[in-house]
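Contents: one structure, followed by commentary.
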Amino acid sequence: MRIRQVHPWDVSVEEAVDLQLRLAARAQKAAPFRGRVRRVAGADLAYDKRGDRIWAAVVLFSYPDLQRIEEVVDTCRVHFPYIPGLFSFREAPPILDCLERLRSRPDVIMLDAHGIAHPRRFGLASHVGLLASLPSIGCAKSRLVGAHETVPSAKGGQAPVYYNHSKVGTALRTRAGVRPVYVSPGYRLSVGSATAMVLACAHGHRIPEPIRAAHDLANRARRLRSIQIAEM
DNA sequence: GCGACAG
DNA sequence: ATCTTGTCGC
C-alpha cells in the first residue's frame with residue numbers, strides 16, 4: 001500500500017510537537033467501522049541493546065478467524081530521542097516501510113501504542129493510521145494520559161478512559177488475572193469498535209494476537225540480524 | 001518547583 | 001525497550 005509523504009522525519013523535538021498539533025485535527029473523527037472487517041494487521045518493534053537500531057514487524061491476519069496471511073519486517077537506525085508523547089518520530093518510519101511492502105491491504109491495523117489517548121491526541125497509532133490512510137487502533141500496555149475507574153476482573157471487563165473531559169479510550173481486561181491494556185482509536189475509528197476488535201483478537205493472552213505475532217517476529221528478526229534492509 | 005511519563 | 005535464570009502457578 002502507498003504511504004503519504006506528508007512531512008520529513010529528521011525534525012527537532014519542537015518541530016515534532018508542532019507537527020502533532022497540526023496533524024491531530026485530521027485524526028479526531030470517531031467513526032464506527034463501516035462494513036465487514038476481513039483483515040487485521042498487527043505492528044510492533046524490537047530494539048537492540050544499544051537502543052540505536054530497531055526492527056519493525058507487521059503481521060497480517062484474517063478476521064475474525066485470525067489466520068496468518070502475510071508478514072513483513074524492516075530495520076533502521078533511530079536518531080530521535082526517547083520522549084513519552086513523541087514515539088512516532090522513532091517508530092513510525094520502519095512501520096510505514098513495512099506497510100508499504102505489504103501485498104494485501106489490511107482493513108485496520110493495531111499497534112503496541114496509544115492513539116488519541118495522548119497529550120495532543122495524536123499518538124503513534126494515529127500517526128501511522130493517518131499517513132497510511134488506514135483505520136488504526138492503539139493498544140498499549142500502560143497508561144500515558146487519562147484516568148479510569150476500577151476495571152472488572154473478568155475477561156472483557158472494561159472502564160472508559162477520560163482525558164480533558166472526553167472519552168479517549170478503554171482500559172480493557174483481555175484476560176482474567178492480568179493488568180488491563182489501554183485501547184484507544186488511532187485513526188478513523190470509534191472507541192467502541194476499537195475496543196471490540198481488540199477483545200476479538202484476545203486469544204488467551206493479554207496482548208491481542210496480531211500485536212503478539214508482530215512482537216515475536218520483530219524479536220526474531222533482531223536476533224537473526226539477517227535482514228538489514230536499506231537505511232534511510 | 002515537584003511528579004508523571006506509550007516503547 | 002533491553003539486560004537476565006530460575007521459578008511459582010494454572
Side-chain atoms of residues 137-147 of chain A: list all donor-acceptor pairs with protein atoms under 3.5 Å, sequence neighbours left out, distances to 0.1 Å.
residue	atom	partner	partner atom	Å
A:Lys141	NZ	A:Asp112	OD1	3.2
A:Lys141	NZ	A:Asp112	OD2	2.7
A:Arg143	NH1	A:Gly146	O	3.0

Quick one: [atom1] on [X] to [atom2] on [Y], what's the gap to the nearest 0.5 Å?
| X | Y | atom1 | atom2 | answer |
| --- | --- | --- | --- | --- |
| A:Leu111 | A:Leu124 | CG | CG | 5.5 Å |
| A:Tyr63 | A:Asp107 | OH | CG | 10.5 Å |
| A:Arg26 | A:Leu130 | CZ | CG | 6.0 Å |

> Does the ring centre of A:His127 sit less than 6.0 Å away from the ring centre of A:Phe89?
Replying inline: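 Yes; A:His127 has its ring centre under 6.0 Å from that of A:Phe89.
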>> Suppose we screen for side chain to side chain donor-acceptor pair (under 3.5 Å). Which residues come up paired with A:Tyr163, at least two apart in sequence or across chains?
In response: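 Listed in chain order: nothing, the list is empty.
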> Dot-bracket for DNA chain C, 5' to 3', with Watson-Crick and G-U pairs under 3.5 Å, [ ] for crossing pairs and | for other-strand pairs: what is it?
Replying inline: ..........
>> With a strict under 4.0 Å distance from non-hydrogen atoms of chain A, what nucleotide opens and what nucleotide closes the contacted stretch of DNA chain B, reading 5' to 3'?
In response: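 The footprint of chain A covers B:dA4 to B:dG7.
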> Which pair of heavy atoms, one from A:Val151 and one from A:Ala171, lies closest together, and at what distance?
Replying inline: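 Closest pair (atom of A:Val151, atom of A:Ala171, distance): CG2-CB, 3.6 Å.
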> What heavy-atom pair brings A:Val128 and A:Ala92 nearest, and what distance separates the two atoms?
Replying inline: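 Shortest heavy-atom separation between A:Val128 and A:Ala92 comes out as CG2-CB, 4.1 Å.
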> A:Arg53 has an atom CZ; how far is it from atom C1' of C:dT2, in whole Å?
Replying inline: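 Distance, rounded to whole Å: 16 Å.
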Would you say [Y] and [X] are linked by a side-chain donor-acceptor pair, where the criterion is simply a distance under 3.5 Å?
| X | Y | result |
| --- | --- | --- |
| A:Tyr162 | A:Glu149 | no |
| A:Ser126 | A:Arg121 | no |
| A:Glu70 | A:Ser104 | yes |

>> Using a 4.0 Å cut-off on heavy atoms, which residues in residues 134-157 of chain A reach DNA chain B? List them by number, or say none.
In response: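 Close to the strand are A:Ala140, A:Lys141, A:Ser142, A:Arg143, A:Leu144.
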> Quick one, which residues of residues 110-118 of chain A touch DNA chain B with a heavy atom under 4.0 Å?
Replying inline: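 Of all residues in residues 110-118 of chain A, the ones placing a heavy atom under 4.0 Å from DNA chain B are A:Asp112, A:Ala113, A:His114, A:His118.
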What does [X] touch in the nucleic acid at a heavy-atom separation under 4.0 angstrom: a base, only the sugar-phosphate, or nothing?
| X | value |
| --- | --- |
| A:Gly177 | nothing |
| A:Ile54 | nothing |
| A:Tyr182 | nothing |

>> Check the phosphate of C:dT2 against A:Asn219, side-chain N and O only, distance under 4.0 Å to OP1 or OP2. Yes or no?
In response: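 Affirmative; the distance criterion is met.
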> Within the distance-only criterion (no hydrogens, no angle test), does the side chain of A:Arg222 pair as donor or acceptor with the backbone N or O of A:Tyr47 below 3.5 angstrom?
Replying inline: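 Checking the backbone N and O of A:Tyr47 against the side chain of A:Arg222, a donor-acceptor pair under 3.5 Å is found.
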>> Can a donor-acceptor pair be found, under 3.5 Å and without considering hydrogens, that links the side chain of A:Arg38 to the backbone of A:Ser62?
In response: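 Not confirmed, A:Arg38 side chain does not pair with A:Ser62 backbone.
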>> Enumerate the salt bridge (charged side-chain N to carboxylate O under 4.0 Å, His left out) contacts for residues 207-216 of chain A, please, sequence neighbours excluded, ordered by first and then second residue.
In response: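 For residues 207-216 of chain A, and leaving out neighbouring residues, the salt bridge (charged side-chain N to carboxylate O under 4.0 Å, His left out) pairs sorted by first residue read A:Glu209-A:Arg212, A:Asp216-A:Arg220.
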> Salt-bridged, A:Arg50 to A:Asp52, with N to O below 4.0 Å?
Replying inline: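 So A:Arg50 pairs with A:Asp52 through a salt bridge.
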Sequence neighbours excluded and cut-off under 3.5 Å, please list the side-chain donor-acceptor pairs for residues 13-20 of chain A, or say none.
residue	atom	partner	partner atom	Å
A:Glu14	OE1	A:Ser12	OG	3.4
A:Glu15	OE1	A:Ser12	N	2.8
A:Glu15	OE1	A:Ser12	OG	3.3
A:Gln20	OE1	A:Arg120	NE	2.7
A:Gln20	OE1	A:Arg120	NH2	2.9
A:Gln20	NE2	A:Gly85	O	2.9

>> The criterion is salt bridge (charged side-chain N to carboxylate O under 4.0 Å, His left out); which residues satisfy it with A:Asp44, sequence neighbours excluded?
In response: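 Partners of A:Asp44 by the salt bridge (charged side-chain N to carboxylate O under 4.0 Å, His left out) criterion come out as none, since no residue qualifies.
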>> Enumerate the ring-ring contact (aromatic ring centres under 6.0 Å, His included) contacts for residues 171-221 of chain A, please, sequence neighbours excluded, ordered by first and then second residue.
In response: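 For residues 171-221 of chain A, and leaving out neighbouring residues, the ring-ring contact (aromatic ring centres under 6.0 Å, His included) pairs sorted by first residue read A:His148-A:Tyr182.
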> Under a 3.5 Å cutoff on both atom distances, Watson-Crick or G-U, what's the dot-bracket for DNA chain B ([ ] crossing, | other strand)?
Replying inline: .......
>> Can you build the contact string for nucleotides 3-10 of chain C? Use B for base contact, S for sugar-phosphate-only contact, and - for no protein heavy atom under 4.0 Å.
In response: S-------
